[in-house]
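Working notes for the structure below.
Residue numbers run from 1 in the order of the sequence given. For ligands, and for the atoms within them, numbers begin at 1 and follow the listed sequence. Nothing here was measured: the structure is a model prediction, and the numbers come from that model.
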Amino acid sequence: MLPLVQLKGVTHAYLGDREAMLAIEDLHLTVDKGEFVSLVGPSGCGKTTLLSIISGLLQPSRGEVYVGGHPVSEPSAEIGYMLQQDYLLPWRTILNNALLGLELTGSLNDETRRHTLSLLKELGLEGKEEAFPSELSGGMRQRVALVRTLATGPKLLLLDEPFSALDYQIKLQLEDLVAETLLRRGTTAILVTHDLAEAIAVSSRVILLQPNPGRVRRIFTVPEAIRSAPPLYARDLPGFAELFHTVWKEMEIAGREE
Ligand code: ADP
Ligand code: MG
């Protein structure tokens, strides 16, 4: 089966006034359909740059990006992108925020509206449809942002540190809910996180990047027992701590070799 995401020799340089800064160099990666992978690595190793490239927001200097077998050249409804900040519009109700993506892509109709309402329910936001963002907690707002992203039915979901601004307890609950929701829908996802425990708890593979320039250093496969356990419990399973230390040590070395 063709992988859903294929990156071939992706290189990206940011051009400054006097010099170019090589953020990513010759990066190769594939992600299968239905897979949930995490991207980890020291700050500045190109994680956000890579997601922006996969989303079509940023054109790489060199290399090829395919999603679903097609070259990516611009953002599309097939690829959902969720950031740390929820970017909810304060003057719109929760439902109207959740419908925004559908409105913008011209695909709002009775059916997609019903689907969005059921997503709100699935993510525990029933009864909040007419509330405004300011009336909701940070965790709830992130769930609305997730509904808005899922409402357009993306084949691929890109998540850039979506939980990092939340309190620990809420973060764990949300990891659980998101992992479960994506698994149920069979949505392929790439999660960027600086939290190794989170990466190991929710994904099937942890992709470690190294900086200067950003490239894949090592890929760790998470044992089935850990990946299939709810993120909240995965942390207590045998093998979790060992894997955590292995990835952590490798990341330390990667960061020091700069
Ligand atoms: P990460 O998300 O892993 O922290 P980024 O992708 O944000 O890394 O950044 C990778 C490298 O590219 C860093 O050295 C960063 O300073 C640089 N960079 C990121 N965005 C820009 C930009 N818009 N212009 C110039 N350099 C940038
Ligand atoms: Mg980043």
Salt-bridge criterion met for [X] and [Y] (N-O under 4.0 Å):
| X | Y | answer |
| --- | --- | --- |
| Glu252 | Lys249 | no |
| Glu135 | Arg141 | no |
| Arg184 | Glu122 | yes |

Protein non-hydrogen atom found under 4.0 Å from atom 15 (C) of ligand 1: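 No, no protein heavy atom sits under 4.0 Å from atom 15 (C) of ligand 1.
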
Look at atom 23 (N) of ligand 1 and say whether a protein heavy atom is found at less than 4.0 angstrom from it. yes

Minimum distance, heavy atoms only, to atom 3 (O) of ligand 1: which one of Glu161, His194, Lys47 is it? Lys47

Any [X] side-chain heavy atom under 4.5 Å of [Y] side chain:
| X | Y | result |
| --- | --- | --- |
| Ile94 | Phe132 | no |
| Val216 | His28 | no |
| Asn97 | Asp86 | no |

Could you pull out the N/O/S protein atoms under 2.8 Å of the Mg ion (ligand 2), ignoring any water?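 Listed by chain and number, the nearby protein N, O or S atoms are Thr48 OG1.
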
Under 4.0 Å from one or more heavy atoms of Thr49, ligand 1 contributes atoms 5 (P), 6 (O), 9 (O), 10 (C)

Mind checking whether Phe240 and Phe244 have parallel, tilted or perpendicular rings, split at 30° and 60°? parallel

Apply side-chain hydrogen bond (donor to acceptor under 3.5 Å, both in side chains) to Thr193 and Glu161, showing your working. CA-CA 5 Å; Thr193 177; Glu161 311 225 3; 5.5 Å; no

Shortest protein heavy-atom distance from [atom], along with the residue and atom involved:
| atom | value |
| --- | --- |
| atom 13 (C) of ligand 1 | Gly44 O, 3.7 Å |
| atom 7 (O) of ligand 1 | Thr48 CB, 3.8 Å |
| atom 18 (N) of ligand 1 | Tyr14 CE1, 3.3 Å |

Do you know the tightest heavy-atom contact between Arg215 and Leu27? CA-CD1, 3.9 Å

Please determine, by modelled atom types, if Asp26 and Thr11 share a side-chain donor-acceptor pair under 3.5 angstrom.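 No - no donor-acceptor pair under 3.5 Å links their side chains.
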
Using distance alone, determine whether Gly46 and ligand 1 share an N or O pair under 3.5 Å.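 Between Gly46 and ligand 1, an N or O pair is found under 3.5 Å apart.
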
